[in-house]
Amino acid sequence: MKKLILLSWILLLPFLSYAQEKRSVFFELDGTYWEKSLSYPQFFAPEKNRFGSARLFVGIPMGEKWAIGLLGGPSATYQQQEDGKRFRELYAPEPDENGNAIYIGNTTETIPVGLQSELIGFGAFIQRRISLGEKTSLNINFYGMNESGTNGQLEIFPDYSYWYWWPCPNCLTIAPGPIVREMEQNNWKAGLDLAFAWSLSPKIDLGLRANFLEFRKQSLKGVPSITNGLTIYDPNYILSEGYFGDRYDFGSAVAREGVRLSLSFKPF
């Protein structure tokens with residue numbers, strides 16, 4: 001990734017020299033934050049989908065209608081994942097004559113899962129500007145970027161409304177909550193970004209932006225756990241393994257990332 005950023009800057013050096021001579025560099029900052037409540041029948045489960053991000057664009061005009069530049073910034077997300085499934089043992093409501101639980105079979109349990117991520121992204125863009133009026137314009141950005149983060153976590157929410165084992169004298173000493181599996185995430189994204197801009201002054205534009213069309217490759221990788229090194233079967237650990245690997249999606253990213261408010265500065 002560092003080599004890619006260095007190569008990008010080297011390729012942009014001639015354009016930077018041109019921009020310095022013509023005094024035409026522009027900066028654009030955008031950001032968004034939103035939450036969406038989730039509804040689950042069980043008490044302990046993901047409560048909200050969240051997304052927040054900020055991005056900085058540094059661009060150089062190439063004529064009156066085109067521009068080229070770099071972009072990057074942080075993002076923080078919490079996303080509901082497809083529910084996991086695992087087997088759960090069933091026991092009779094009453095013990096046997098020796099006080100031992102009576103095993104009566106298995107059932108399939110559906111478990112809510114959430115993914116928390118903190119990512120840093122870098123990329124490049126090409127912009128096409130279309131004038132709509134004296135003070136309004138439509139900016140079309142073709143972009144590509146990479147996002148990565150190492151401190152994410154997968155949260156698994158078992159149903160604590162039943163006893164795992166019967167009897168359970170120590171259950172009240174356990175604080176119910178998600179079972180956390182640390183993970184690393186890496187995203188490659190490319191697509192079409194649309195922005196409606198309104199000129200407040202010759203040097204400042206206010207706008208609304210959205211990733212209208214996007215291809216994303218999401219790679220999740222589990223962080224090794226010391227506990228898992230023991231020879232103990234952990235169904236939650238096995239369940240989390242099903243979420244790791246590569247995922248691909250193509251379409252509008254508005255539902256996932258929302259609409260961003262942007263501010264463009266043209267200091268020269």
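Residue numbers count from 1 along this sequence. Please read these numbers as outputs of a predicted model, since none were measured by experiment.
Annotation: side-chain contact (heavy atoms from CB on, under 4.5 Å) contacts of Thr108 (sequence neighbours excluded): Lys85, Phe87. Residues passing the side-chain contact (heavy atoms from CB on, under 4.5 Å) test with Ser201 are Lys203, Ile204, sequence neighbours excluded. Every residue meeting the side chain to side chain donor-acceptor pair (under 3.5 Å) condition with Ser262, not counting sequence neighbours, appears here in chain and number order: Glu28. By the side-chain contact (heavy atoms from CB on, under 4.5 Å) test, Phe142 is found to be paired with Ile140, Leu192, residues two or more places apart in sequence or in another chain being considered. Checked against salt bridge (charged side-chain N to carboxylate O under 4.0 Å, His left out), Glu35 has the following partners two or more places apart in sequence or in another chain: Lys48, Arg50. With sequence neighbours left out, Phe26 forms a ring-ring contact (aromatic ring centres under 6.0 Å, His included) with no residue at all. With sequence neighbours left out, the salt bridge (charged side-chain N to carboxylate O under 4.0 Å, His left out) criterion links Asp83 to no other residue.
Using modelled atom types, one finds a donor on one side chain and an acceptor on the other under 3.5 Å when comparing Asn187 with Gln185. Ser219 and Asp246 share a donor-acceptor pair across their side chains, judged by distance under 3.5 Å alone.
Of the possible donor and acceptor atoms, one in the side chain of Tyr243 sits under 3.5 Å from a partner among the backbone N and O of Gly84. Ser117 places no side-chain N or O within 3.5 Å of a backbone atom of Gly152 that could act as its donor or acceptor partner. Proximity of a side-chain donor or acceptor of Ser252 to a complementary backbone N or O of Val254 within less than 3.5 Å is detected. A donor-acceptor pair under 3.5 Å is formed between the side chain of Asn49 and the backbone N or O of Gln80.
Among all heavy-atom pairs drawn from Lys266 and Pro202, the shortest one is CD-O, 3.8 Å. Pro46 and Pro112 make their closest contact through CD-CB, 3.5 Å (heavy atoms, listed as atom of the first residue, atom of the second, distance). Between Ala210 and Val259 the shortest heavy-atom distance is CB-CG2, 4.4 Å. In plain terms, the two heavy atoms of Phe157 and Gly114 that are nearest each other are CE1-N, 4.5 Å.
Side-chain contacts under 4.5 Å among hydrophobic residues (ILVMFWY), followed directly or transitively, place Trp34 together with Phe51. Using a 4.5 Å cut-off between side-chain heavy atoms of Ile, Leu, Val, Met, Phe, Trp and Tyr, Val180 forms no hydrophobic cluster with any other residue. Applying the 4.5 Å side-chain rule to ILVMFWY residues, one finds Tyr40 in the same cluster as Leu38.
In the hydrophobic cluster analysis, where Ile, Leu, Val, Met, Phe, Trp and Tyr join through side-chain heavy atoms closer than 4.5 angstrom, Phe212 is grouped together with Phe215. There is no path of hydrophobic side-chain contacts, each under 4.5 Å, that joins Leu208 to Leu132. In the hydrophobic clustering of this structure, Leu213 groups with Tyr248; members are Ile, Leu, Val, Met, Phe, Trp, Tyr whose side-chain heavy atoms approach within less than 4.5 Å, directly or through other members.
Within 6.0 Å of CD in Gln79 there are more than 12 heavy atoms belonging to other residues, nucleotides or ligands.
One finds a salt bridge joining Glu257 and Lys189 here, because a Lys/Arg side-chain nitrogen approaches an Asp/Glu carboxylate oxygen to under 4.0 Å.
In this structure the side chain of Leu194 never reaches within 4.5 angstrom of the side chain of Phe196, judged on heavy atoms. For the pair Leu220/Leu154, no side-chain contact is recorded, criterion being any heavy-atom separation below 4.5 Å from C-beta on. Contact check for Leu263 versus Asp205: no side-chain heavy atoms found under the 4.5 Å cut-off. When side chains are defined from C-beta on, Asp249 does not count as touching Gln218, because their heavy atoms never get closer than 4.5 Å.
Of the inter-residue distances, the one linking Phe250 atom CZ with Glu214 atom CD reads 10.0 Å to the nearest 0.5 angstrom. In this structure, OG on Ser264 lies 10.5 Å from CG on Asp30, to the nearest 0.5 angstrom. A distance of 4.5 Å separates CG in Asn151 from CD in Glu118, rounded to the nearest 0.5 Å. Within the model, atoms CE of Met145 and CG of Leu70 stand 11.0 Å from one another, a figure rounded to the nearest 0.5 Å. The CD atom of Gln153 sits 12.5 Å away from the CD1 atom of Ile179 when rounded to the nearest 0.5 Å. Tyr143 OH to Ile126 CD1: the interatomic distance, rounded to the nearest 0.5 Å, is 14.0 Å.
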Side chain to side chain contact (heavy atoms under 4.5 Å, CB included) between Leu261 and Leu206, worked out: CA-CA 8 Å; Leu261 183 66; Leu206 181 66; 4.0 Å; yes
Under the side chain to side chain contact (heavy atoms under 4.5 Å, CB included) criterion, do Phe244 and Lys221 qualify, and how do the steps go? CA-CA 5 Å; Phe244 298 137; Lys221 180 182 178 182; 5.8 Å; no
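Among the candidates Asn186, Leu119, Ile120, the single residue satisfying the side-chain contact (heavy atoms from CB on, under 4.5 Å) test with Ser148 is Asn186.
Seen from the ring of Phe57, Arg209 counts as a face-on cation partner, given the 6.0 Å and 45° thresholds.
For residues 120-134, the pairs satisfying side-chain hydrogen bond (donor to acceptor under 3.5 Å, both in side chains) are Gln127-Asn141, Arg129-Ser131, with sequence neighbours left out. Residue pairs meeting the side-chain hydrogen bond (donor to acceptor under 3.5 Å, both in side chains) criterion with at least one partner in residues 61-78, sequence neighbours excluded, are Tyr78-Glu155.
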